Amino acid sequence: MNIKPKVLAVILARGGSKAIPKKNIALLNDHPLIAYTICEALRSKTITDVVVSSDDKRIIEVAKEYGALAPFIRPKELSGDKAKPVLCDLHATKYMEENKGISYDYVVELLCTNPFKTSEDIDNAMQLQFESNADSVIGVMRLDDHHPIRIKKIENGFIREFCLPEIPESTRQDLKPDAYIRNGSIYSMRRDMLEKGIRYGTENSIAYIMPRERTVNIDEPMDLEIARILMEKNPRTYIKKVDKT
């Protein structure tokens, strides 16, 4: 008899964003930004619990309205600009385990600044995690125009190769090997890796490749405007679990 792994989804959402004030609950068409990640996590077939870790009372209220658990206020020492996400993940995991009397097998950090990931993405990444038992499974996107071969450095005003030599007049199709970048959407890890303070970066980390159209990382106001345009083409319907209006 197969026992279903216990998976905690952690959504980190502090209130101190600067480029976009209250970014995590900024309105993205019909819903606050954080709602997209909460609702897709709740639709996942592999997630056991969904918890939001925040230092902001309004974010906590919104998280609960859309069905996430948000049973604590994140400690001040884990809420600054330089707080390490892995420590915030660990704090949330330990809180949940202690208060629910449960031990999780895996923890997956889902970044709410990437609203286009789907429950299918989450489940596919987790299936890779289950089947491989890798240290971690990380969402990535293939690079084309920004391939490392095209990245340069400047020394005394002169353009120099940064890491790999570029053959002049190369097309995108000529750039090999294929290059990928972490897209900041999904970070799944074994529970023991989190205890060691490791989210990614070991030799036993597997890539979950996501398409460009589901990779929009919202850092600046322009990113939010682009996301609004894209979401209008494929709107998502979510229903609040607790409607306070």
Side-chain angles (χ1 to χ4, degrees), residues 7-44 46-81 83 85 87-96 99-100 107-119 121-122 139 183-187 214-232 234-245:
V7 181
L8 177 65
V10 179
I11 301 171
L12 303 180
R14 69 184 187 89
S17 54
K18 295 177 181 177
I20 304 175
K22 299 288 185 182
K23 174 174 66 175
N24 292 313
I25 52 174
L27 197 61
L28 174 55
N29 296 12
D30 296 330
H31 305 282
L33 180 59
I34 195 172
Y36 292 85
T37 295
I38 290 173
C39 293
E40 293 302 323
L42 290 172
R43 289 177 175 179
S44 162
T46 55
I47 301 298
T48 307
D49 292 307
V50 179
V51 66
V52 169
S53 170
S54 180
D55 61 330
D56 186 281
K57 291 183 179 179
R58 179 56 187 148
I59 292 176
I60 289 172
E61 289 176 0
V62 171
K64 291 178 178 178
E65 288 172 8
Y66 280 89
L69 299 171
F72 59 83
I73 294 179
R74 194 194 303 176
K76 185 176 180 180
E77 63 270 19
L78 294 177
S79 300
D81 290 345
L87 296 180
C88 301
D89 291 337
L90 183 59
H91 170 265
T93 301
K94 286 186 173 181
Y95 183 99
M96 291 292 292
N99 286 271
K100 291 199 69 172
V107 176
V108 56
E109 182 189 333
L110 302 173
L111 280 74
C112 55
T113 50
N114 296 74
F116 289 91
K117 61 182 167 295
T118 64
S119 59
D121 286 320
I122 296 168
N183 69 354
S185 185
I186 298 172
Y187 289 83
R214 294 204 299 278
T215 297
V216 176
N217 194 3
I218 297 176
D219 288 322
E220 305 291 336
M222 183 178 69
D223 302 327
L224 188 57
E225 291 304 317
I226 291 171
R228 285 169 175 158
I229 293 170
L230 295 174
M231 196 64 77
E232 284 178 359
N234 294 287
R236 298 186 186 181
T237 302
Y238 299 133
I239 299 175
K240 290 183 180 181
K241 306 295 182 181
V242 178
D243 193 343
K244 294 185 179 181
T245 58

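This one's a predicted model, so the numbers in the text were calculated from it and none came from an experiment. Numbers here are sequence positions counted from 1.
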Asker: Looking only at heavy atoms, which two atoms of C88 and L12 are closest? And how far apart?
Answerer: CB-CD2, 3.7 Å
Asker: So D223 and N217, side-chain contact (heavy atoms from CB on, under 4.5 Å) or not? Walk me through it.
Answerer: CA-CA 7 Å; D223 302 327; N217 194 3; over 6 Å; no
Asker: What is the minimum heavy-atom distance between A9 and L110, and which atoms define it?
Answerer: CB-CD1, 4.0 Å
Asker: Going from CG on L28 to CD on E225, what distance comes out if it is rounded to the nearest 0.5 angstrom?
Answerer: 10.0 Å
Asker: Output yes when D81 and K18 qualify as a salt bridge under the 4.0 Å nitrogen-oxygen rule, no when they do not.
Answerer: yes
Asker: Any chance you could lay out the side-chain contact (heavy atoms from CB on, under 4.5 Å) test for S53 and F72, step after step, and finish with the verdict?
Answerer: CA-CA 7 Å; S53 170; F72 59 83; 3.7 Å; yes
Asker: Check side chain to side chain donor-acceptor pair (under 3.5 Å) between D55 and all other residues, then give those that pass, not counting sequence neighbours.
Answerer: none
Asker: Does some side-chain heavy atom of Y66 sit less than 4.5 Å from a side-chain heavy atom of I34?
Answerer: no
Asker: Just so I know, are the side chains of T37 and V50 near enough to count as touching, which here means a heavy-atom distance under 4.5 Å?
Answerer: no
Asker: Would you name the heavy atoms of V51 and P71 that are closest together and state the gap between them?
Answerer: CG2-CD, 3.7 Å
Asker: Say whether, by atom type as modelled, one donor and one acceptor occur between the side chain of N183 and the main chain of T215 under 3.5 angstrom.
Answerer: no
Asker: Tell me if a side-chain donor or acceptor on S185 pairs with a main-chain N or O of G139 at a distance below 3.5 Å.
Answerer: no
Asker: With sequence neighbours excluded, what pairs up with N114 under the side chain to side chain donor-acceptor pair (under 3.5 Å) test?
Answerer: none
Asker: Quick one: does any side-chain atom of R236 pair with a main-chain N or O of F116 as donor and acceptor, under 3.5 Å?
Answerer: yes
Asker: With sequence neighbours excluded, give me every salt bridge (charged side-chain N to carboxylate O under 4.0 Å, His left out) pair touching residues 107-118.
Answerer: E109-R199
Asker: For the residue pair S44 and I122, establish whether any side-chain heavy-atom pair is separated by less than 4.5 Å.
Answerer: yes
Asker: Could you tell me if the side chain of V52 sits less than 4.5 Å from the side chain of I38, heavy atoms only?
Answerer: yes
Asker: Between P32 and L27, what is the shortest heavy-atom contact and its length?
Answerer: N-CD1, 3.9 Å
Asker: Please find the pair of heavy atoms, one from P115 and one from V216, that lie closest to each other, and give the distance.
Answerer: CD-O, 3.6 Å
Asker: Any donor-acceptor pair under 3.5 Å linking the side-chain atoms of R74 with those of S54?
Answerer: no
Asker: With side-chain contact (heavy atoms from CB on, under 4.5 Å) as the test, would you mind laying out the steps for T113 and N24 before giving the verdict?
Answerer: CA-CA 7 Å; T113 50; N24 292 313; 4.1 Å; yes
Asker: In the structure I gave you, are the side-chain heavy atoms of P75 and H91 within less than 4.5 Å of one another anywhere?
Answerer: yes
Asker: Hey, does V108 have a side-chain heavy atom less than 4.5 Å from the side chain of I186?
Answerer: yes
Asker: Do P85 and Y187 have side chains that get closer than 4.5 Å, going by heavy atoms?
Answerer: no
Asker: Taking only residues two or more places apart in sequence, or in another chain, which ones meet N234 in a side chain to side chain donor-acceptor pair (under 3.5 Å)?
Answerer: none
Asker: Taking all heavy atoms of P235 and all of E232, pick out the closest pair and write down the distance.
Answerer: CD-O, 3.5 Å
Asker: Are the charged groups of E40 and R214 less than 4.0 angstrom apart, N to O?
Answerer: no
Asker: For T93, which residues count as a side-chain contact (heavy atoms from CB on, under 4.5 Å) partner, sequence neighbours excluded?
Answerer: L8, V10, E97, Y104, V107, R191, L194
Asker: By side chain to side chain donor-acceptor pair (under 3.5 Å), which residues pair with K57, not counting sequence neighbours?
Answerer: none
Asker: Do Y238 and Y36 have side chains that get closer than 4.5 Å, going by heavy atoms?
Answerer: yes
Asker: Take R58 and E61, measure what salt bridge (Lys or Arg N to Asp or Glu O under 4.0 Å) needs, and give me the verdict at the end.
Answerer: CA-CA 5 Å; R58 179 56 187 148; E61 289 176 0; 3.0 Å; yes
Asker: Quick one, D49 with K100, criterion salt bridge (Lys or Arg N to Asp or Glu O under 4.0 Å). Give me CA distance, side-chain angles, the key distance, then yes/no.
Answerer: CA-CA 10 Å; D49 292 307; K100 291 199 69 172; 2.9 Å; yes
Asker: Between L69 and M96, does the side-chain contact (heavy atoms from CB on, under 4.5 Å) criterion hold? Intermediate values first, please.
Answerer: CA-CA 10 Å; L69 299 171; M96 291 292 292; 3.4 Å; yes
